[in-house]
Amino acid sequence: MKTKIYNDILKSLKKIGAKCDENFTVEIPNVAEHGDFSSNVALINTKILKMKPHVLAQKIVDDLSNKRDYKSIEIAGPGFLNFKIANSLYYKELQKISDAQYNYGSSNYGKRKKVLIEFISANPTGPLNVVSARAGAYGDSLFRIMEHIGFEPFREFYINDAGNQVDILAESLEIRYRELHGHECEEFPFEAYHGEYIKDLAAELNTIEGTKLFHMTEEDRLERMKNFALDEIHKIQVSSLNRFDVQFDNWMSEKKLRAEGILEEALSYLAEAGCTYEKDDAVFFSSTKFGDEKDRVLIKADGNPTYLVPDIAYHLTKYNRGFDIIIDVLGPDHHGHVSKLRAAIKALELDDSKLEVVYLQHINLLQEGEVVKMSKRAGNIVTMDELLDYVGKDAARYFFIDRKPSAHLDFDLELAKKKSSENPVFYCQYAFARINSILKKAKKVKLTLKKFDDKNLKKLNKADEINLIKKMLDLSSVLNLCADNREPHRLANYVHELAGMFHKYYAKYKIINEENPDLSMARLYLISVVQIVISISLDLMGISSPKKM
RNA sequence: GCGCCCGUGGCUCAAUUGGAUAGAGCAUCUGACUUCGGAUCAGAGGGUUAGGGGUUCGAGUCCCUUCGGGCGUGCCA
């Protein structure tokens, strides 16, 4: 709809002057008196065409006013053009939605651009926590939305299954395993992993292997421990993600990158570019050349690479795989690291504008207005599974998506569980269920949409009905904004508003009226389309649309 | 110190990317169920968009500055 108006204006603008700024907008004004759509075209072009806004606006109006699609075009304020659309055009658009069904809103907006979305990438040293849950809801929804509007997105999880922390994981398991065989360790090391799940893993390993592991060399045993722990924890993480309806297209393993020699490759590229030097037995990256505050260590004095090296190597593979857009979804504590990474990408002469980093801010879990400390000892919610047990998948996903990524998130656990209008998830789902129930009722009184006659659409002449249609027509621009800004929260707001409009409409007008079957049919048709749009929106957030609640 | 993010009614957040009178929900108060699901709806109060300056037809949005909060600034990952 917006594009149609935009094109109409552009045509008449071209008739007036050859040179003009095409960068004007067509928007839905927030005040009803300003019409259905408004444009700033006359304001923007006033300088270029050397014409006063009102004069220019009048010329455009004269050119467009004979079109049937516009009920009226008015000039207002400093020179806005306010369009009122004829209802007939809205009815046509409503039918298009109905015809498209669940494909409505899909488009080629993304032009098949290849987008890599890396998210969660939690350490493989324990179950996923609520921070990963936010990242999961965010990344997966962004994926769904981008896919719907014609991007080619790709979901990836990076596993840091090599290096220091994994060795500590193996040692932690070793200690717990020895405990099972009566070898109490004197003091559990501070840096080791303290979680109960390590004990579970030890018990599981013990039932498989028994005492056999003690006959191995320490090196072999630790290797076995490491691989066992990594495999099992991976399984635990995958099963949490399945519960959360989050899938990945690829799991990238750091261990594999190392085995394939990609770290050396990355290092040699940096060396070739003349960006490395040795000092104090360590190898440095001269990242100051690329805007970093100081040079960074690549190879430590003990010969091991720092965390930066595999990460550079990993990003090298991202570039080599030919993505147009590379999105890293990270925690807020990573931005120090990203400046180093970005410096390396510039050093490798890769296009660093392709790399975008989204920082998801911290989460507070709230219970009765109090912040819940994420401490296992107090029996509080820490893991993603515990959160899912407590509030369910739909509520968890909605609450995580509801706020923009750059905002700190207060997650009210009690609210998420409530089944009333205070809880936005239920409010939206209830709208869907309610429509379902009305349609069922309609069938009982022999009103079914199969016998629907297009002419009945004229009965939808209330402003509230037109507003509902307008709102639904807005879906694709909402999706485009979600994708462009990497901000799926806009969709959560949208569906909440749409559900609200429906609830209000329902309360105000009787939909099934046996005395007036034509009107009833038209309204049933309208709400059935509302139902589809709600369902599409929820689905793009990974939230279900239950027919009954 | 330097860098990044943030600051909008009592609370949690929006605001179509610079548009017209800054909107929702919660909380508070007042109303509405013999009728399609009251898990809902109608209405009310509540704001100098942290303060100040600038850019222009026009600023919550962009620039400068002050203040306040979060995070980062490892030969940890």
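In what follows, every chain begins at residue 1, and chains take the letters A, B, ... in the order their sequences are listed.
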**Study point:** Under 3.5 Å: donor-acceptor pair, side chain of A/Asp464, backbone of A/Tyr505
**Key:** no
Review point. Between A/Asp161 (side chain) and A/Lys255 (backbone), is there a donor-acceptor pair under 3.5 Å?
Key: yes
Mind checking the [atom1] distance from [N] to [M]? Whole angstroms is fine.
N	M	atom1	value
B/rA44	B/rA27	C1'	14 Å
B/rC63	B/rA24	P	29 Å
B/rG7	B/rG47	C1'	15 Å
B/rC64	B/rC2	P	15 Å
B/rC6	B/rG10	P	23 Å
B/rA15	B/rG9	C1'	15 Å
B/rU12	B/rG72	P	22 Å
B/rC33	B/rA42	C1'	14 Å

Base, sugar-phosphate, or nothing: which does [X] touch, judged by heavy atoms less than 4.0 Å apart?
X	answer
A/His503	sugar-phosphate
A/Lys444	nothing
A/Lys510	base
A/Phe80	base
A/Tyr509	base
A/Ser339	nothing
A/Ala433	base
A/Asn164	sugar-phosphate

If you look at every heavy atom in [X] and [Y], which pair is closest and at what distance?
X	Y	answer
A/Ala42	A/Gly79	CB-O, 3.5 Å
A/Tyr104	A/Met472	OH-O, 2.6 Å
A/Phe400	A/Ala133	CE1-CB, 3.5 Å
A/Ala344	A/Ile312	CB-CD1, 3.5 Å

Pair partner, [N] [Watson-Crick or wobble, under 3.5 Å]:
N	answer
B/rU49	none
B/rG72	B/rC2
B/rC41	B/rG31
B/rG23	B/rC13
B/rA59	none
B/rC36	none

**Study point:** CA sep, side-chain torsions, deciding dist, call: A/Asp474, A/Lys470, salt bridge (Lys or Arg N to Asp or Glu O under 4.0 Å)
**Key:** CA-CA 6 Å; A/Asp474 217 19; A/Lys470 273 162 73 173; over 6 Å; no
What is the distance from [atom1] of [X] to [atom2] of [N], rounded to the nearest Å?
X	N	atom1	atom2	answer
A/Ile75	B/rA20	CD1	P	19 Å
A/Leu491	B/rU16	CG	C1'	14 Å
A/Leu524	B/rC36	CG	C1'	9 Å
A/Phe426	B/rG38	CZ	P	17 Å
A/Leu360	B/rG72	CG	P	16 Å
A/Arg490	B/rA24	CZ	P	18 Å

Check your understanding: Is the aromatic ring centre of A/His496 closer than 5.5 Å to the centre of the six-membered base ring of B/rA24, with the two planes inclined by less than 30°?
Key -> no
**Study point:** Of A/Phe119, A/Tyr314, A/Trp251, A/Tyr307, the residue whose pairing with A/Tyr158 passes ring pair (Phe, Tyr, Trp, His ring centres under 6.0 Å)
**Key:** A/Tyr314
Selected nucleotide, minimal atom distance to [X] side chain, candidates [options]:
X	options	answer
A/Leu481	B/rC75, B/rA14, B/rU16	B/rU16
A/Asn123	B/rG19, B/rA77, B/rC75	B/rA77
A/Ala76	B/rA15, B/rA20, B/rG19	B/rA20
A/Tyr427	B/rU16, B/rA15, B/rC41	B/rC41
A/Arg403	B/rU12, B/rA77, B/rC36	B/rU12

Point to revise | Euclidean distance, A/Asn456 CG relative to A/Ser520 OG, rounded to 0.5 Å | key: 9.5 Å
Practice item. Check the pair A/Arg490, A/Glu487 against salt bridge (Lys or Arg N to Asp or Glu O under 4.0 Å), reporting the backbone distance first and the verdict last. Key: CA-CA 6 Å; A/Arg490 293 160 187 273; A/Glu487 288 183 343; 2.9 Å; yes
Revision key, fill the gap. Ordered by number, residues from residues 301-314 of chain A within less than 4.0 Å of RNA chain B (heavy atoms) are A/Ala301, A/Thr306, A/Tyr307
Review point. Ignoring hydrogens and angles, does a donor from either the side chain of A/Asn82 or the base of B/rA20 sit under 3.5 Å from an acceptor on the other?
Key: yes
Exercise for review: Go through the steps to decide whether A/Leu498 and A/Leu468 satisfy the test side chain to side chain contact (heavy atoms under 4.5 Å, CB included), and finish with yes or no.
Suggested key: CA-CA 7 Å; A/Leu498 178 59; A/Leu468 264 172; 3.9 Å; yes
Practice item. Taking the six-membered ring for Trp and the single ring otherwise, decide whether the centroids of A/Phe399 and A/Phe411 are under 6.0 Å apart. Key: yes
Could you tell me whether the phosphate oxygens of [N], OP1 or OP2, come under 4.0 Å of any side-chain nitrogen or oxygen in [X]?
X	N	answer
A/Arg523	B/rC36	no
A/Lys300	B/rA77	yes
A/Lys404	B/rC6	no
A/Tyr506	B/rG38	yes
A/Arg296	B/rU73	no

Exercise for review: Mind checking side chain to side chain contact (heavy atoms under 4.5 Å, CB included) for A/Lys340 and listing every partner two or more places apart, or none if nothing turns up?
Suggested key: A/Asp292, A/Arg296, A/Leu308
Between protein and nucleotides 57-60 of chain B, what N or O pairs are separated by less than 3.5 Å?
none

Review point. Does NZ or CZ of A/Lys279 come closer than 6.0 Å to the centre of the six-membered ring of A/Phe284, within 45° of the ring's axis?
Key: yes
Point to revise | 5' priority, RNA chain B, between A/Asp402 and A/Ala499 [closest heavy atom] | key: A/Asp402
Review point. If each of A/Leu81 and A/Met549 is mapped to the nucleotide of RNA chain B with the nearest heavy atom, which maps nearer the 5' terminus, i.e. the 5' end?
Key: A/Leu81
